[in-house]
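Accompanying notes for the structure given below.
For the single chain, residues carry numbers from 1 onward in sequence order.
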Amino acid sequence: MNRNEILNRSRKEGSDEGLLYSGDRGRYAGELAFAAAFVIINAFNLLRGVDVTYSLPLWALFFAFLSVKWVPLYRFTRNARYLVLSIVTLLLAVAFIVAYMIGVTA
């Protein structure tokens, strides 16, 4: 197979490895930014003595994010650890949402 055949086949596939790579890098940077914001906001709330009820939605978002993050890893590797992590973090997200709702309405 010569160079032109390889290039033509790659163009027909419709996927750009550079675009996929930059998307992965952007996703990783977003994950780091999300985690940093999570830590900063929770540390601020802890230091300022803010009622813990107001931190519960942050925990719910954090665990919901982790739950969804583990699913593709499980699908790709079929490693049961990722499935367990996904289920546990989903349950934690739901628990924090419920705790927040109870705390706000009480």
Side-chain angles (χ1 to χ4, degrees):
M1 190 179 297
N2 66 26
R3 180 176 180 267
N4 288 332
E5 288 177 34
I6 294 170
L7 287 173
N8 286 333
R9 181 177 283 174
S10 175
R11 287 184 188 117
K12 288 179 183 177
E13 287 178 3
S15 67
D16 183 356
E17 289 181 17
L19 186 61
L20 293 174
Y21 176 76
S22 63
D24 287 342
R25 293 288 304 240
R27 233 178 329 280
Y28 179 72
E31 290 171 3
L32 289 178
F34 180 79
F38 173 78
V39 168
I40 290 168
I41 292 169
N42 275 306
F44 176 80
N45 286 347
L46 182 65
L47 292 173
R48 298 291 297 167
V50 175
D51 183 11
V52 72
T53 302
Y54 296 107
S55 292
L56 296 176
L58 295 174
W59 286 94
L61 288 171
F62 184 71
F63 285 120
F65 171 78
L66 288 178
S67 178
V68 173
K69 179 181 171 53
W70 298 121
V71 172
L73 290 171
Y74 168 71
R75 283 185 169 172
F76 182 74
T77 65
R78 292 295 180 205
N79 186 335
R81 176 179 58 188
Y82 295 127
L83 180 61
V84 169
L85 284 170
S86 180
I87 292 168
V88 168
T89 52
L90 177 63
L91 293 174
L92 284 169
V94 170
F96 278 108
I97 290 169
V98 170
Y100 172 71
M101 290 177 171
I102 290 170
V104 169
T105 57

Flag the pair Thr89 / Trp70 as yes when at least one side-chain heavy-atom distance between them is below 4.5 Å, and no otherwise.
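The answer is yes, as the side chains (C-beta and beyond) meet within the 4.5 Å cut-off.
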
Would you mind writing out the side-chain donor-acceptor pairs for residues 93-105 within the sub-3.5 Å range, not counting sequence neighbours?
{"residue": "Thr105", "atom": "OG1", "partner": "Met101", "partner atom": "O", "Å": "2.8"}
{"residue": "Thr105", "atom": "OG1", "partner": "Ile102", "partner atom": "O", "Å": "3.4"}

If you look only at pairs with a residue in residues 85-101, which of them pass as a salt bridge (Lys or Arg N to Asp or Glu O under 4.0 Å), with sequence neighbours excluded?
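As it turns out, there is no salt bridge (Lys or Arg N to Asp or Glu O under 4.0 Å) pair with a partner in residues 85-101 once direct neighbours are skipped.
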
Any chance you could pull the hydrophobic cluster mates of Tyr54, using side-chain heavy atoms under 4.5 angstrom and chaining through other members?
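Via sub-4.5 Å side-chain contacts, Tyr54 links to Val50.
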
Atom CD in Glu31, atom CG in Leu66: separation rounded to 0.5 Å?
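With rounding to 0.5 Å, CD (Glu31) is 9.0 Å from CG (Leu66).
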
Looking at CZ of Arg25 and OH of Tyr21, how far apart are the two atoms once the value is rounded to the nearest 0.5 Å?
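Nearest 0.5 Å value for the CZ-OH distance: 4.0 Å.
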
Report the residues that fulfil side chain to side chain contact (heavy atoms under 4.5 Å, CB included) with Leu61, sequence neighbours left out, ordered by chain and then residue number.
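Listed in chain order: Phe34.
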
By side chain to side chain contact (heavy atoms under 4.5 Å, CB included) - contacts of Leu91 (at least two apart):
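For Leu91, the residues satisfying side chain to side chain contact (heavy atoms under 4.5 Å, CB included) (neighbours in sequence not counted) are Ile87.
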
Say whether Val71 and Leu90 are linked into one hydrophobic cluster, either directly or through other cluster members, by side-chain heavy-atom distances under 4.5 angstrom.
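Different hydrophobic clusters.
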
Connected via hydrophobic side-chain network under 4.5 Å: Phe38 and Leu56:
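Yes; Leu56 is reachable from Phe38 via cluster members.
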
List the steps and the verdict of side chain to side chain contact (heavy atoms under 4.5 Å, CB included) for Trp59 and Asn42.
CA-CA 9 Å; Trp59 286 94; Asn42 275 306; 3.5 Å; yes

Report all side-chain donor-acceptor pairs from residues 72-86 shorter than 3.5 Å, counting only partners two or more places apart or in another chain.
{"residue": "Thr77", "atom": "OG1", "partner": "Leu73", "partner atom": "O", "Å": "2.7"}
{"residue": "Thr77", "atom": "OG1", "partner": "Asn79", "partner atom": "N", "Å": "3.2"}
{"residue": "Asn79", "atom": "OD1", "partner": "Arg81", "partner atom": "N", "Å": "3.0"}
{"residue": "Ser86", "atom": "OG", "partner": "Ser67", "partner atom": "O", "Å": "2.9"}

